[in-house]
Amino acid sequence: MEYINFYKQMRLVLIYDLPVKEADERKIYNRFHRDITRFGFYMLQYSVYSKVIQNDTSLKQYLLKLERLVPKKGNVIILKVTEKQYQDMIYLRGEKNKFDTLVGGKEFVIFGGDIESEFKDNE
């Protein structure tokens, strides 16, 4: 069995708060949201997204890409945490995101839900 070092694996947590009062602000917000999901970020909560990264080199590459996307108004924050820190999150209300399951030690994440329930609903 391969040893998994959860202190070397990392996640980026993207937190943002953008204005959406005006039509042009909503357009900028929608474009930003679309672009971060294309980069592989997925929603933890509204305006809080996460992505698995392999190392600090990946971090630098994503920061360069994100800096080009960041709107002029609002707040956008990136937090880098180890996989161990991420797995140790404490949920005061609600439950762990079912779309976020780490599998193995190769930074492989399954995005999906309860597939069985989707088939049961369709029967």
remark   = salt bridge (charged side-chain N to carboxylate O under 4.0 Å, His left out) pairs touching residues 44-54, sequence neighbours excluded, are none

request  = Check Gly74 against Leu18 and note the closest heavy-atom contact, atom names and distance.
outcome  = CA-CD2, 4.1 Å

note = Sorted by chain and number, sequence neighbours left out, side chain to side chain contact (heavy atoms under 4.5 Å, CB included) with Asn30 holds for none

note = To the nearest 0.5 Å, atom CG of Asp35 lies from atom CZ of Arg31 at 8.0 Å

inquiry  = Applying ring-ring contact (aromatic ring centres under 6.0 Å, His included), can you list everything that pairs with Phe32, at least two apart in sequence or on another chain?
reply    = Tyr16

remark   = Residues passing the ring-ring contact (aromatic ring centres under 6.0 Å, His included) test with Phe41, sequence neighbours excluded, are none

query = What distance separates Leu69 CG from His33 NE2, expressed to the nearest 0.5 Å?
reply = 13.0 Å

query = Between Ile77 and Val48, is there a shared hydrophobic cluster once you connect ILVMFWY residues whose side-chain heavy atoms come closer than 4.5 Å?
reply = yes

ask   = Does a side-chain heavy-atom distance below 4.5 Å link Ile15 with Tyr49?
value = no

query = What residues, two or more places apart in sequence or in another chain, satisfy side chain to side chain contact (heavy atoms under 4.5 Å, CB included) together with Ile78?
reply = Leu12, Leu14, Leu63, Leu66

task = Is it possible for you to say whether Tyr42 and Tyr91 belong to one hydrophobic cluster, with membership spreading through side-chain heavy-atom contacts below 4.5 Å?
result = yes

inquiry  = Hydrophobic clustering (ILVMFWY, side-chain heavy atoms < 4.5 Å, transitive) - are Val76 and Tyr46 grouped together?
reply    = yes

query = Say you draw a straight line from CE of Met10 to OG of Ser58; how long is it, rounded to the nearest 0.5 Å?
reply = 7.0 Å

inquiry  = Ser47: which residues meet the side chain to side chain donor-acceptor pair (under 3.5 Å) condition with it, sequence neighbours left out?
reply    = none

query = Apart from Leu92 itself, what residues make up its hydrophobic cluster when side-chain heavy atoms of I, L, V, M, F, W and Y under 4.5 Å apart count as a link, directly or indirectly?
reply = Ile90

inquiry  = Could you work out, with side chain to side chain contact (heavy atoms under 4.5 Å, CB included) as the rule, every residue matching Val81, not counting sequence neighbours?
reply    = Arg11, Val13, Leu79, Gln85, Tyr86

request  = Among residues two or more places apart or on two chains, list those pairs meeting salt bridge (charged side-chain N to carboxylate O under 4.0 Å, His left out) that have a residue in residues 54-74.
outcome  = Glu25-Lys73, Asp56-Lys80

